[in-house]
Novice: 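After the structure tokens below, expect a handful of questions from me.
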Amino acid sequence: MTREWLDRWREGRIGFHRHDTHPALLRHWPRLKIRAGTKVLVPLCGKSLDMRWLANRDHPVLGIELSREAIEQFVDEGTGEVSRYQQGPFAICRQGSVELWCGDFFHFHIDQAAEIGAFYDRAALIALPPATRQRYAFHLAQLIPPGMRGLLISLSRAPGDESAGPPYHVPADEVRELFEPNFQVAHLEDGEPEAGSGFRESVWALTRRGPLT
Ligand SMILES: C[S@@+](CC[C@H](N)C(=O)[O-])C[C@H]1O[C@@H](n2cnc3c(N)ncnc32)[C@H](O)[C@@H]1O
């Protein structure tokens, strides 16, 4: 799966990338009432422009992305000086208040997450095959302190139309099963089915409960 993502970036097969800020982020983030200054973790971040929107709202952003290509494109398409440094296995690129850690999300350790107080997942969960999603939900719970929140934008398809991903179809019941052990899960909205793919986005607010189970 790692190789496949790197190939996608190298070959420019990044249909998931949006050229605008996600409308559900604009609509729902303010409702979460996350204080300005709170650092937001963006797992499997690609080169999402949503990170710039969060940064412009006074949230330092920590994105984690496998592909160096994605990170280089993000900083090239942005403005401002870029600084680079290394933290364990991660090569980090910082531009303004966005720091992008190049490496595997599952290698990002709790000790490196000290200042994180919120998260934003758009198309991260749905990038992972079924067996890895549980690991993802637990890993995220380890990184987010109790009481802290985040927004999750997932994808589902009509029953019977669940061809292989990525992007993977993750039905609402699975979102609940994955996150409810460690988060309060609130369903915020479902989008319209996309013409062609039949995918429909669902938006969730998650609040971390503690202790971990
Ligand atoms: C569907 S894309 C979504 C990107 C971004 N969240 C967005 O909304 O545009 C999934 C991204 O996750 C990255 N990725 C996949 N597995 C990863 C992992 N284990 N650790 C870090 N990044 C990963 C891929 O390279 C890809 O850029």
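Nothing fancy with the numbering, it's 1 onward along the sequence. All ligand and atom numbering here is 1-based and tracks the order in the structure.
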Novice: With a cut-off of 4.0 Å, which atoms of ligand 1 are near a heavy atom of Gly103?
Specialist: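 Once the distances to Gly103 are compared, the set is 20 (N), 21 (C).
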
Novice: To the nearest 0.1 Å, how far is atom 1 (C) of ligand 1 from its closest protein heavy atom, and which atom is that?
Specialist: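 Looking at atom 1 (C) of ligand 1, the protein heavy atom closest to it is Ala123 O, 3.3 Å.
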
Novice: Is Leu155 close to Val170 at the side-chain level, that is, under 4.5 Å between some pair of heavy atoms?
Specialist: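 Side chain of Val170 against side chain of Leu155, heavy atoms only: no contact under 4.5 Å found.
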
Novice: Test Glu72 against every option in Arg10, Lys47, Arg84 by the salt bridge (Lys or Arg N to Asp or Glu O under 4.0 Å) rule and name the one that passes.
Specialist: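 For Glu72, the salt bridge (Lys or Arg N to Asp or Glu O under 4.0 Å) check succeeds only for Arg84.
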
Novice: Starting from atom 14 (N) of ligand 1, find the nearest protein heavy-atom neighbour and note its residue, name and distance.
Specialist: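 The answer is Leu44 CG, 3.7 Å.
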
Novice: Going by distance only, is there an N or O of Glu65 that falls short of 3.5 Å from an N or O of ligand 1?
Specialist: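 Among all N and O atoms of Glu65, at least one is under 3.5 Å from an N or O of ligand 1.
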
Novice: Just which atoms of ligand 1 are under 4.0 Å from any heavy atom in Trp9?
Specialist: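 Listed by number with element, the hits are 25 (O), 26 (C), 27 (O).
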
Novice: Quick test: of every protein heavy atom, which one is nearest to atom 22 (N) of ligand 1, and how far off is it to 0.1 Å?
Specialist: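 Heavy-atom neighbour on the protein nearest atom 22 (N) of ligand 1: Leu66 N, 3.1 Å.
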
Novice: Linking I/L/V/M/F/W/Y whenever their side-chain heavy atoms sit closer than 4.5 Å, directly or via other members, would Ile34 and Met148 fall into one cluster?
Specialist: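 Cluster IDs for Ile34 and Met148 differ.
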
Novice: For Ala127, take its heavy atoms, then give the atoms of ligand 1 lying under 4.0 Å from any of them.
Specialist: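 Selected atoms, number and element: 10 (C).
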
Novice: Quick one: does any side-chain atom of Arg200 pair with a main-chain N or O of Gly191 as donor and acceptor, under 3.5 Å?
Specialist: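 Between the backbone of Gly191 and the side chain of Arg200 there is a qualifying donor-acceptor contact (under 3.5 Å).
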
Novice: For Arg122 versus Phe16, what's the shortest heavy-atom pair and its separation?
Specialist: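 Looking at all heavy atoms of both residues, the shortest contact is NH1-O, 2.8 Å.
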
Novice: Could you pull out the closest heavy-atom pair between Thr21 and Arg18, with the gap in Å?
Specialist: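 Scanning both residues, the minimum pair turns out to be O-NH2, 4.4 Å.
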
Novice: List the closest protein heavy-atom neighbour of atom 6 (N) of ligand 1: residue, atom name, distance to the nearest 0.1 Å.
Specialist: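 Checking every protein heavy atom, the shortest distance to atom 6 (N) of ligand 1 gives Arg122 O, 2.7 Å.
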
Novice: Return the residue, atom name and 0.1 Å-rounded distance of the protein heavy atom closest to atom 20 (N) of ligand 1.
Specialist: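 For atom 20 (N) of ligand 1, the nearest protein heavy atom is Phe105 N, 2.9 Å.
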
Novice: Mind listing the closest non-hydrogen atom pair of Phe74 and Met51 along with its distance?
Specialist: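 Closest pair (atom of Phe74, atom of Met51, distance): CE1-CE, 3.9 Å.
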
Novice: What protein heavy atom sits nearest atom 5 (C) of ligand 1, and how far off is it?
Specialist: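 For atom 5 (C) of ligand 1, the nearest protein heavy atom is Cys45 O, 3.2 Å.
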
Novice: How far is atom 19 (N) of ligand 1 from its nearest protein heavy atom, and which residue and atom is that?
Specialist: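 Minimum-distance protein heavy atom for atom 19 (N) of ligand 1 reads Asp104 OD1, 3.0 Å.
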
Novice: Under 4.0 Å between a Lys/Arg side-chain N and an Asp/Glu carboxylate O for Glu99 and Lys39?
Specialist: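 Counted as a salt bridge, because a side-chain N and a carboxylate O are separated by less than 4.0 Å.
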
